[in-house]
Enquirer: 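Below you will find the structure I want to go over with you.
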Number of protein chains: 2
Amino acid sequence: MNATPRWLTSEQKAAWDSFIRMQEKLIGKLTRRLQDDSGMSASEYIVLAKLTETEDGRMRFMDLAKLVEWEKSRMSHQVRRMAKRGLVAKEECPDDGRGAFIVATPAGHRAIEDAAPMHVEHVRRLFTDALTPEELAVLARISDRVLAHMERQPD
Amino acid sequence: MNATPRWLTSEQKAAWDSFIRMQEKLIGKLTRRLQDDSGMSASEYIVLAKLTETEDGRMRFMDLAKLVEWEKSRMSHQVRRMAKRGLVAKEECPDDGRGAFIVATPAGHRAIEDAAPMHVEHVRRLFTDALTPEELAVLARISDRVLAHMERQPD
DNA sequence: GGCCGCTAGTTGACGCGTCAACCAGTGCGC
DNA sequence: GCGCACTGGTTGACGCGTCAACTAGCGGCC
């Protein structure tokens with residue numbers, strides 16, 4: 001212990017800084033846009049998106065949480081807030097006394113249908129339009145490599 | 001208005017999904033690690049990092065906010081919390097009656113010096129080690145392109 | 001020197017995310 | 001059928017981030 005730390009090379013640091021800066025600005029702009037255009041947070045958007053992609057706009061609480069890779073407590077808080085806003089509703093589950101279904105309400109369906117086209121347009125405008133198809137493919141490959149690499153690491 | 005929305009192609013959507021997933025997982029792991037290893041949030045880390053990179057560990061409030069591209073209210077809240085924890089202190093500015101200097105305390109210096117080597121190690125372990133130097137360079141170039149593209153867009 | 005618009009910084013309310021503690025129902029072993 | 005570990009889900013406290021409203025000092029124009 002107490003070995004002199006191995007810092008990043010200047011190329012590595014530059015790459016890291018660019019990546020972090022880009023990602024922060026991009027996500028920031030998108031969430032602000034979503035909020036301004038549709039009065040919806042990114043979390044609300046993704047919950048509604050996943051729910052309404054199903055057959056009947058309904059999903060078991062834990063299935064939903066696993067699908068978006070959230071902790072159950074995060075999902076619980078989120079669902080409570082969205083239920084208060086009338087975007088989703090909780091229904092009890094006949095098969096499992098503990099369980100709950102989360103359902104997108106009509107207002108929820110309307111909200112995501114209104115929001116989605118604009119959101120996609122912003123993703124296009126800010127992100128995909130910046131890159132050639134080849135660059136986009138390279139970025140996808142790199143992202144998958146990092147993801148795969150992380151899977152192999154502890155934690 | 002009401003034109004049928006132009007969705008992303010499946011390649012674009014796949015690239016977007018991979019990027020988002022990677023970035024969320026990576027940032028998530030790093031912040032959790034930082035918290036566990038050093039009891040510090042990412043925000044605290046960056047504030048201390050920028051502060052201690054200066055000559056005297058001191059910076060004008062607004063200069064600091066601009067440097068890390070935060071809103072002043074965000075910085076104000078952050079500094080208040082960090083002052084409460086004893087990581088920084090506020091000093092008044094002789095030249096400008098409104099102004100404030102933010103100073104890293106000895107505890108602040110110690111905290112970042114302890115945290116930095118481990119943090120860098122995790123960045124290396126989770127990110128730079130996943131990629132070849134060429135891939136890293138490509139990612140940097142792509143990030144810079146997206147950044148530059150965003151600068152040219154409204155908002 | 002008095003007004004006015006600007007910049008510096010704070011505050012409060014509210015949504016978000018994490019952690020840890022908790023309750024309740026399930027299902028399995030005996 | 002009883003006990004017990006596990007899963008499903010909630011809750012409360014707290015740090016974080018945004019927005020909007022606010023205070024206060026500065027600087028320029030008349």
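Chain A is the first sequence line, chain B the second, and so forth, proteins listed ahead of strands; every chain is numbered from 1. Keep in mind that this is a model prediction, so the values were computed, not measured.
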Enquirer: Is any side-chain nitrogen or oxygen of A:R60 closer than 4.0 Å to OP1 or OP2 of D:dG9?
Expert: yes

Enquirer: Between A:S76 and D:dT11, is there a contact of a side-chain N or O with OP1 or OP2 at under 4.0 Å?
Expert: no

Enquirer: Between P on C:dC19 and CZ on B:R33, what's the gap in Å once rounded to a whole number?
Expert: 13 Å

Enquirer: Specify the separation, in whole Å, of atom CE of B:M75 and atom C1' of C:dG9.
Expert: 12 Å

Enquirer: Which atoms form the tightest heavy-atom contact between A:M22 and B:M150, and what is the distance?
Expert: O-CE, 3.9 Å

Enquirer: Distance check, rounded to the nearest 0.5 Å: A:W7 atom CH2 versus A:Q12 atom CD?
Expert: 13.0 Å

Enquirer: Mapping A:P94 and A:M82 onto DNA chain C by nearest heavy atom, which one lands closer to the 5' end?
Expert: A:M82

Enquirer: Measure from CD1 on A:I27 to P on C:dC16 and round the result to the nearest Å.
Expert: 16 Å

Enquirer: What is the separation between atom CE on A:M40 and atom P on C:dG15, rounded to the nearest whole Å?
Expert: 15 Å

Enquirer: If hydrophobic clusters are built by linking Ile, Leu, Val, Met, Phe, Trp and Tyr wherever their side-chain heavy atoms come under 4.5 Å apart, do B:Y45 and B:L26 end up in the same one?
Expert: no

Enquirer: May I ask you to evaluate whether B:S73 reaches the phosphate of D:dG17, defined as a side-chain N or O under 4.0 Å from OP1 or OP2?
Expert: no

Enquirer: Can you name the nearest heavy-atom pair linking A:A104 to A:L48, along with the distance?
Expert: CB-CD2, 4.4 Å

Enquirer: Is A:S41 close enough to C:dG15 that one of its side-chain N or O atoms is under 4.0 Å from OP1 or OP2 there?
Expert: no

Enquirer: When only distance counts, do a donor and an acceptor, one from the side chain of A:H77 and one from the base of D:dG9, lie under 3.5 Å apart?
Expert: no

Enquirer: Tell me whether the side-chain N/O atoms of A:K90 come closer than 4.0 Å to OP1 or OP2 in D:dT10.
Expert: yes

Enquirer: C:dG9, C:dT18, D:dC16: which one has an atom nearest the side-chain heavy atoms of B:S43?
Expert: D:dC16

Enquirer: Base, sugar-phosphate or nothing for B:R80? Non-hydrogen atoms, less than 4.0 Å.
Expert: nothing

Enquirer: Pick the closest DNA chain D nucleotide for B:K72 and for A:D63 by heavy atoms, then say which residue is nearer the 5' end.
Expert: A:D63

Enquirer: Is there a side-chain contact between B:Q35 and the phosphate of C:dT18, meaning an N or O under 4.0 Å from OP1 or OP2?
Expert: no

Enquirer: Looking only at the side chain of B:R98 (C-beta and beyond, no hydrogens), which of the listed nucleotides D:dC16, D:dT10, C:dC6 gets closest?
Expert: C:dC6

